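Everything numeric in this text was worked out from a predicted model, so none of it was measured. Lettering of chains follows the sequences in order, A, B, ..., and the numbering in each one begins at 1.
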Amino acid sequence: MKRFFRITPFRGATFFSTMLQYEQTAKITMQNSEKKPKSILHIDMDAFFVSVETVINPKLKGKQVIVGGPIEGRGVVTSASYQAREKGVHSAMPMVAAKKLCPNAIFLTGSHHLYSDFSRRIMEIMERYTPAVEQVSIDEAYLDITGCLRLHRTKYPFVIANSIHETIANEIGVPCSIGIATNRVTAKIAANLAKPNGVLEVYPDCESAFLSPLPVRKLPGVGPVAEKEYKKLGIREIGDLLKFDPAVLTRVLGKQAEQCAKRAGGESSKDQAESNFLSQERDTAKSIGKEITYSVDTGDPEILAATLAYLSERVAGRMRKAGLSFRKVTLKLRYADFDTYTRSKTINLPTSDPSVIYRTARALLTSLDKKRQKIRLIGVTVSTLTKPDPQINLFDQAENEDKKRKLLNSIDETRERYGFTSIMSARWLGHSQLR
DNA sequence: TCTGGGGTCCTAGGACCC
DNA sequence: TCTGGGGTCCTAGGACCC
């Protein structure tokens, strides 16, 4: 009898029997360990972008809907309705291929602003239940509800999970799936298995029984490459990982395997760091970048230079908004044959000056662009980010820097109000395809 | 059927210092 | 003439996630 997990479909009868089951396993757990098990939720929106579009336009409900880039512009799928998925459409698939599979689907390019706004409202709902919310992407978050069960007058984590599930559905109109477990990895996997629109709880002490029969590919961090490597060792299921000496796995497959072995046992490094949930300062970005795939490959140096100017401005704008400076600039090129190269350069003193990004990227482009081929993609990323230290500025530089900063800030404000292209650097004026 | 764009983290070699 | 070991920084590439 499978006792260790249950999908709760929000009906009174099953709800009650689930409570009885929980009571039983929880009792056993209490006897086995002194400490109360943690209750971690992983909440993940179902087909998020498509769901938001459906809230805006209810006529889309139940149809094949695909959100992604423009078909002519080499776009890919970012979100597909379950009706489209039935036909084999999935995210990251070229839009052209999706169109072949679903010729009559509704294709949308989507609006990131809209999705961010929905995301913010959804996170606000979660924060009503616990302050320990850690958002990990636009449509998913971890919640630690261990400390607030009593506040919500229940012993049962799934009571809170169900309430969150219903509140998001009622107030926002977007379906989600929730995994409940004593640690993050198991909660995340449970949420995935609960899709769509389900809640799945893995009871305390049942983690490895739940995880063992699942394919290793289900473990977060195991992609196609790692899966292949594991297969060579005869590892197919998560349980197989436990049969190996972690030291052997680490030697053969590196640090990644070490993590996986731990996760297979239902442990994740982040579980220890409680501070992750309640840390005051949201960890600052490690890098900020922007890249563009041309709709037609180009070898025109003027277009390339204009694009670099544009990318540098975009990156610098976001960096200033975050109040950061960089030391490293990375240029990325992808040629027509899809071969991809990066070149980077670290400068001595941190700055947020877009012209430094541009000049550095230009120099890197000169050093890299030797292949006699047209370019498909070009990108600029800044990293080694720091909060600018005012003391670094020498006195005579300070005034200059201050003027520059004021100018750049006013540029940012204007763009905020009237859109990015309201103020354009002369270099990319006239290259309308960048808009 | 022709492969986006935003990221994070890990590896590995070489330079340089002690 | 042959040649240590540890630490840190820089660079390039690649796996993976959403």
Reading 5' to 3' through nucleotides 9-14 of chain C, protein heavy-atom contacts under 4.0 Å coded B for base, S for sugar-phosphate only, - for none: -SBSS-

Aro-ring/base stack A/F338-B/dT3, d under 5.5 Å, angle under 30°: yes

Candidate pair A/R120 and A/E124, rule salt bridge (Lys or Arg N to Asp or Glu O under 4.0 Å), full reasoning: CA-CA 6 Å; A/R120 186 182 46 74; A/E124 276 170 13; 3.2 Å; yes

Closest nucleotide among C/dC16, C/dC18, C/dC17 to the A/R217 side chain: C/dC17

Euclidean distance for P, B/dG14 against C/dG4 (whole angstrom): 16 Å

Atom pair distance, as rounded to whole Å: CZ in A/F48 and C1' in C/dC17: 17 Å

Residue whose closest nucleotide on DNA chain B lies nearer the 5' end, A/K255 versus A/T293: A/T293

A/T78 vs B/dG4: side-chain N/O to OP1/OP2 distance below 4.0 Å: no

Salt-bridge criterion met for A/R359 and A/D353 (N-O under 4.0 Å): no

Nucleotide nearest A/V76 when distance is taken to its side chain, options B/dG5, B/dT3, C/dC18: B/dT3

Among B/dC2, B/dG6, B/dT8, the nucleotide that comes nearest once only the side chain of A/S287 is considered: B/dT8

Between CG on residue A/L241 and CG on residue A/L249, distance to nearest 0.5 Å: 6.0 Å

Lys/Arg N to Asp/Glu carboxylate O, A/E171 vs A/R121, below 4.0 Å: no

Sugar-phosphate, base or nothing in reach of A/I138, heavy atoms under 4.0 Å: nothing

Sugar-phosphate, base or nothing in reach of A/A285, heavy atoms under 4.0 Å: sugar-phosphate

Sidechain-backbone polar pair: A/S177 side chain, A/N197 backbone, donor-acceptor under 3.5 Å: yes

Sugar-phosphate only, base, or nothing, as touched by A/K99 at under 4.0 Å among non-hydrogen atoms: nothing

Touch class at under 4.0 angstrom, heavy-atom based, for A/G379 against every strand present: nothing

C/dC18: pairing nucleotide in any strand, Watson-Crick or G-U under 3.5 angstrom: B/dG5

Any donor-acceptor pair under 3.5 Å from A/S119 side chain to A/Y115 backbone: no

Sugar-phosphate only, base, or nothing, as touched by A/V222 at under 4.0 Å among non-hydrogen atoms: sugar-phosphate

Closest-nucleotide 5' rank along DNA chain B - winner of A/A97 and A/I288: A/A97

Sugar-phosphate, base or nothing in reach of A/G223, heavy atoms under 4.0 Å: sugar-phosphate

Given B/dG6, B/dT3, B/dT1, the nucleotide with the shortest approach to the side chain of A/K100: B/dT1

Check: A/V67 main-chain N/O paired with A/T78 side-chain donor or acceptor under 3.5 Å: yes

Touch class at under 4.0 angstrom, heavy-atom based, for A/G221 against every strand present: sugar-phosphate

Salt-bridge contact A/E227-A/K231 (side-chain N to carboxylate O under 4.0 Å): no

Any A/R334 side-chain N or O less than 4.0 Å from OP1/OP2 of B/dT3: no

Rounded interatomic separation in angstrom, taking CE from A/M319 and P from B/dG6: 15 Å

